[in-house]
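The model shown is predicted, which means the values in this text are computed figures rather than measured ones.
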Amino acid sequence: MNLSSTKEFILDLLFPKFCISCGKEGSYLCQDCFSLIDILERQYCPFCPQPKVVIDGKTCNFCKRSKSLNGLYCAASYNNFIVKKLINQFKYEPYIKELSKPLSSSIIAHFINLNKVTTFNDFILIPIPLHKKKLKKRGFNQASEIAKELSKVLKIPFFDDILIKIKQTPAQVELKKEEREENIKGVFLCQKPELVMGKKIFLIDDIFTTGSTMEQCARLLQEAGAKEVWGIVVARG
């Protein structure tokens with residue numbers, strides 16, 4: 001047993017993990033409860049008010065006239081009680097950083113359903129950034145943690161310093177659709193445009209609601225020269 005495994009073994013003895021859904025000891029999400037998550041087998045237009053199935057997950061022809069995001073991969077519905085509990089425990093106190101593993105696993109399961117696990121070699125991963133004050137309070141960026149896990153499995157590069165959030169804003173969850181769009185205008189900055197020039201990009205976040213945040217970042221990256229910008233999320237609200 002190497003040093004890393006020894007530390008993990010000791011930590012598990014001192015601070016045992018329990019499934020946040022059923023309470024079973026061993027992990028934060030047991031296999032039985034993971035199986036209760038309905039992993040999506042189709043892709044939908046990110047912006048249509050009513051779900052519209054689209055070929056290859058692309059933003060539909062109508063919506064793409066006014067949107068920059070090329071398409072969206074979404075693993076599950078936020079209406080699933082286990083998904084909602086996982087994301088809330090991941091984002092709000094008390095924070096459980098290790099939930100990035102089951103959450104990223106749901107995304108990989110979605111890719112497997114779509115037969116697309118090995119088709120992303122020319123992409124890079126960029127997480128939606130947090131403002132430095134929120135990052136300091138939480139201790140980690142939940143989108144970055146998911147992106148790190150995806151990077152390991154998909155074998156594609158991960159960059160968490162290309163996009164930064166330069167203004168602190170109220171939480172999007174507290175706002176209506178129009179307020180969300182206004183809330184995030186001018187709050188992000190692409191500080192390394194040379195790294196996105198001509199690249200295909202996956203923007204990573206935990207949840208997609210109105211898409212205001214992801215759309216704003218997608219527009220910024222395309223203005224910096226990105227070839228394509230797609231979203232990847234655990235759930236859609």
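- Between the CG atom of L130 and the OG atom of S144 there is a distance of 7.5 Å, given to the nearest 0.5 Å.
- The backbone N or O of C45 sits nowhere less than 3.5 Å from a side-chain atom of T59 that would complete a donor-acceptor pair.
- Side-chain contact check for D205 versus Q142: some heavy-atom pair is nearer than 4.5 Å.
- The distance from atom CG of L163 to atom CG of L221, rounded to the nearest 0.5 Å, is 4.5 Å.
- Of the possible donor and acceptor atoms, none in the side chain of H131 sits under 3.5 Å from a partner among the backbone N and O of K165.
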**OP:** Would you please test E215 and F47 for side-chain contact (heavy atoms from CB on, under 4.5 Å) and show each step?
**Re:** CA-CA 10 Å; E215 170 62 18; F47 302 105; 3.6 Å; yes

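- Separating the CG atom in L203 from the CH2 atom in W230 is a distance of 12.5 Å, to the nearest 0.5 Å.
- Without hydrogens or angle criteria, D56 side chain to K58 main chain gives no donor-acceptor distance under 3.5 Å.
- No single ILVMFWY cluster, assembled from side-chain heavy atoms under 4.5 Å apart, contains both L135 and Y92.
- Using a 4.5 Å heavy-atom cutoff, the side chains of L103 and D206 are not in contact.
- Although no hydrogens or angles enter the test, the distance criterion places no donor-acceptor pair under 3.5 Å between the side chain of N80 and the main chain of I39.
- The local environment of CG in N88 is crowded, with over 12 non-hydrogen atoms from other residues, nucleotides or ligands closer than 6.0 Å.
- Here the side chain of S151 pairs no donor or acceptor atom with the backbone of A147 at under 3.5 angstrom.
- Follow the hydrophobic side-chain contacts under 4.5 Å out from I232 and you reach I112 in the same cluster.
- Cluster annotation: F34 is not connected to F18 through the hydrophobic network of ILVMFWY side chains, with a link wherever side-chain heavy atoms come within less than 4.5 Å.
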Subject >> Test side-chain contact (heavy atoms from CB on, under 4.5 Å) applied to K152 and E149, step by step >> reply: CA-CA 5 Å; K152 295 174 188 175; E149 296 298 324; 3.5 Å; yes

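- Side-chain contact between Y95 and K137 is present, with at least one heavy-atom pair separated by less than 4.5 Å.
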**OP:** Determine, stepwise, if the pair F81 / S21 fulfils side-chain contact (heavy atoms from CB on, under 4.5 Å).
**Re:** CA-CA 9 Å; F81 73 99; S21 178; 4.1 Å; yes

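- Looking at Q89, its side chain never comes within 3.5 Å of a backbone N or O of I20 through a donor-acceptor pair.
- Note on ring orientation: taking the six-membered ring where Trp is involved, the planes of Y73 and F120 are perpendicular (angle over 60°, cut-offs 30° and 60°).
- Taking a 6.0 Å sphere around CZ of F62, one finds it holds 12 or fewer heavy atoms contributed by other residues, nucleotides or ligands.
- Note: E228 CD to I201 CD1 = 10.0 Å, rounded to the nearest 0.5 Å.
- The heavy-atom pair separating A235 from C74 by the smallest distance is C-SG, 3.6 Å.
- Taking Ile, Leu, Val, Met, Phe, Trp and Tyr as hydrophobic and joining them when side-chain heavy atoms fall under 4.5 Å apart, one finds I166 in a cluster with I164, L189.
- Shortest non-hydrogen contact noted between K227 and G198 is CB-O, 3.7 Å.
- For the pair E41 and L114, the tightest heavy-atom approach, listed with the atom from each and the gap, is O-CD2, 3.5 Å.
- With a 4.5 Å cut-off on side-chain heavy atoms, I162 and C190 count as touching.
- H110 is listed as a side-chain neighbour of Q43, based on a closest heavy-atom distance under 4.5 Å.
- A distance of 5.0 Å separates CG of L150 from CD1 of I108, quoted to the nearest 0.5 Å.
- There is a path of hydrophobic side-chain contacts, each under 4.5 Å, that joins L36 to V234.
- Cluster membership check: L125 does not share its hydrophobic cluster with M197, using side-chain heavy-atom separations under 4.5 Å among Ile, Leu, Val, Met, Phe, Trp and Tyr.
- A distance-only check finds no donor-acceptor pair linking the side chain of E145 to the backbone of E98 [under 3.5 Å].
- Heavy atoms only, all atoms of each residue included: I96 and F90 are closest at O-CD1, 3.3 Å.
- Closest of all the heavy-atom pairs between S212 and T210 is OG-OG1, 2.9 Å.
- Remark: the backbone N or O of V229 is paired with a side-chain donor or acceptor of N70 at under 3.5 angstrom.
- Here NZ of K91 is found 7.5 Å from NZ of K134. Values are rounded to the nearest 0.5 Å.
- Under the side chain to side chain donor-acceptor pair (under 3.5 Å) criterion, N61 pairs with K64, sequence neighbours left out.
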Original post:
Checking side-chain contact (heavy atoms from CB on, under 4.5 Å) for the pair I37/L29: CA distance, chi angles, key distance, verdict?
Top reply: CA-CA 11 Å; I37 298 174; L29 184 67; 4.2 Å; yes

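- With a 6.0 Å cutoff to the six-membered ring centre and a 45° limit on the axis angle, K116 does not count as a cation-pi contact of F111.
- Across all their heavy atoms, C33 and I82 have their closest contact at O-CD1, 3.3 Å.
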Original post:
Run the ring-ring contact (aromatic ring centres under 6.0 Å, His included) check on F208 and Y44 step by step: do they pass?
Top reply: CA-CA 12 Å; F208 187 101; Y44 302 86; over 10 Å; no

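- Counting heavy atoms from C-beta on, the side chains of L40 and R236 never come closer than 4.5 Å.
- A 4.5 Å side-chain heavy-atom check between I204 and F158 finds every atom pair outside the cut-off.
- I128 places a side-chain heavy atom less than 4.5 Å from the side chain of C217.
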